[in-house]
Amino acid sequence: MAGPAGGRGLAAARPVHRRAAGQCPLPLPYQGESSLSPKQSFANTQSLDIVLGRRLWNNAEVIAVPSLTRGFGLSNARGAAAFPNNEAFRVGTTDPYAFMSRLFVRQTIDLSADAAPGADPDPMRFAGPLARERITITLGKVSTWDFFDDNRYAHDARSQFLNWALVGAGAVDFAADARGFTNGAVLEWENGRNAVRTGAFMVARNVNGLSLDTSIGRAWQWLAQVEQAWSLRQRPGVLRVFGGLSRTRSVTWNRLTSAVEDGLGDTEALRGYRTKGMVGFNLEQEVTDSLGVFARFGWNDGRAQNGCSPKWTGRPRAASR
């Protein structure tokens with residue numbers, strides 16, 4: 001997918017991805033604005049990414065990913081806590097909609113002379129060897145899922161599982177706008193077997209909103225992750241442990257529940273900047289050439305709303321795994 005190792009330009013396009021879903025009539029005991037519709041319905045989504053890049057100087061590059069999306073999830077992606085289509089988000093469109101999903105600068109600092117074995121599968125990197133031990137600095141518009149909670153078997157709804165809670169830790173409130181992207185800075189160290197990653201990101205002004213909160217002194221997210229790889233009977237495995245703090249405009253569940261019980265329709269006045277703690281881990285282990293297993297866990301303190309609800313953060317892939 002990437003350009004030649006010695007080239008200065010990078011261009012790659014992913015095929016159009018289509019997802020369709022249907023729903024039978026459901027007898028629901030109650031129905032609200034955010035409930036799943038009880039009517040029989042069908043919905044579909046399509047998406048296309050084009051990866052563009054340019055080398056700037058030694059080990060530095062700028063990457064841009066224009067994206068084209070269309071479609072809706074069932075009931076406009078509402079009514080299910082772990083929605084069954086991770087490519088469906090709550091700002092769907094009837095007509096194709098183009099936007100810049102990623103635009104970032106990346107600088108790699110080599111710490112060893114030997115190269116990492118194999119090729120990096122990330123299509124948002126230029127082809128060519130990478131130092132086994134290196135530091136990578138990324139700055140710009142990104143998806144937090146490009147760096148955190150990755151998993152060989154369950155992180156890409158385009159070629160693997162579809163469910164929101166299977167491709168990412170559902171309880172971890174990853175920073176993102178309604179389409180799944182944000183602005184931030186990421187620092188990574190890796191040596192081919194271990195890795196440490198940390199990043200700071202902007203958060204959405206409102207849940208399911210497209211605007212990011214510009215009050216970065218009060219609204220922010222910090223994430224960190226450590227990774228340990230191993231070989232079990234010559235089969236690779238990886239454990240990733242991650243966590244962080246997210247500060248967003250939210251309402252505590254206790255106050256929100258009391259407001260609803262009191263018939264208060266507008267809860268905007270209840271919102272304030274609150275900090276949420278989150279942790280998670282995921283595990284992957286290859287069993288055979290065509291079989292692998294994974295596990296994923298997420299937790300947050302549960303006192304207040306998530307500031308950035310789960311949503312599509314589809315990552316361009318060089319090939320399905």
Side-chain angles (χ1 to χ4, degrees), residues 1-4 7-20 44-57 60-73 77 85-108 120-128 136-148 150 155-160 162 167-168 174-186 199 201-205 208-212 214 308 310-320:
M1 296 292 291
R8 298 188 63 86
L10 164 67
R14 293 292 291 144
V16 175
H17 295 268
R18 296 181 175 88
R19 293 288 183 270
N44 63 79
T45 59
Q46 293 90 38
S47 61
L48 170 69
D49 295 321
I50 300 176
V51 182
L52 307 173
R54 177 73 176 176
R55 293 188 189 272
L56 301 176
W57 52 82
E61 57 214 15
V62 59
I63 303 295
V65 185
S67 296
L68 186 71
T69 61
R70 193 214 67 83
F72 298 86
N85 181 0
N86 193 61
E87 284 214 306
F89 39 81
R90 292 168 182 161
V91 287
T93 58
T94 302
D95 298 321
Y97 181 80
F99 64 99
M100 187 66 69
S101 62
R102 296 168 178 85
L103 178 60
F104 59 85
V105 175
R106 178 169 51 213
Q107 174 71 61
T108 302
D120 193 312
D122 185 355
M124 293 185 290
R125 271 195 179 274
F126 281 80
T136 306
I137 303 168
T138 305
L139 179 65
K141 186 176 184 181
V142 297
S143 165
T144 52
W145 273 8
D146 291 345
F147 309 93
F148 300 95
D150 195 9
H155 200 54
D156 182 8
R158 291 173 170 177
S159 60
Q160 298 167 332
L162 285 170
V167 294
F174 292 102
D177 62 15
R179 292 192 178 95
F181 305 95
T182 185
N183 299 326
V186 182
F201 305 94
M202 297 177 68
V203 296
R205 175 69 178 171
N208 297 319
L210 287 172
S211 299
L212 297 176
T214 57
C308 309
K311 74 276 293 171
W312 174 76
T313 49
R315 180 178 186 176
R317 293 283 185 176
S320 60

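Between Leu103 and Ala64, the closest heavy-atom pair is CD1-CB, 3.7 Å. Heavy-atom minimum distance, Ser67 versus Ser101: OG-OG, 2.9 Å. Minimum heavy-atom separation, Thr182 to Ala176: CB-CA, 4.2 Å. For the pair Ala204 and Gly209, the tightest heavy-atom approach, listed with the atom from each and the gap, is CB-O, 4.2 Å. Across all their heavy atoms, Met202 and Thr214 have their closest contact at CE-CA, 4.1 Å.
Expressed to the nearest 0.5 Å, how far OG1 of Thr108 lies from CD of Glu61 amounts to 6.0 Å. Put simply, CZ on Phe126 and CZ on Arg54 are 8.0 Å apart, with the number rounded to the nearest 0.5 Å. Atom CZ in Arg106 sits 12.0 Å away from atom CD1 in Ile137 (nearest 0.5 Å). How far CZ of Arg205 is from CG of Leu210: 14.5 Å, rounded to the nearest 0.5 Å. The CD1 atom of Ile50 sits 10.0 Å away from atom CE of Met100, with the distance rounded to the nearest 0.5 Å. Note that CG of Asn183 and CG of Asp177 are 8.5 Å apart. Values are rounded to the nearest 0.5 Å.
A 4.5 Å side-chain heavy-atom check between Phe104 and Val186 finds every atom pair outside the cut-off. Residues Thr69 and Phe99 have side chains in contact (heavy-atom distance under 4.5 Å, counting atoms from C-beta outward). Taking 4.5 Å as the limit, every side-chain heavy atom of Lys141 sits out of range of all side-chain heavy atoms of Leu212.
No side-chain donor-acceptor contact under 3.5 Å links Arg102 to the backbone of Met124.
Taking the six-membered ring where the residue is Trp, Phe201 and Phe148 present perpendicular rings, their angle passing 60° and hence far from 30°.
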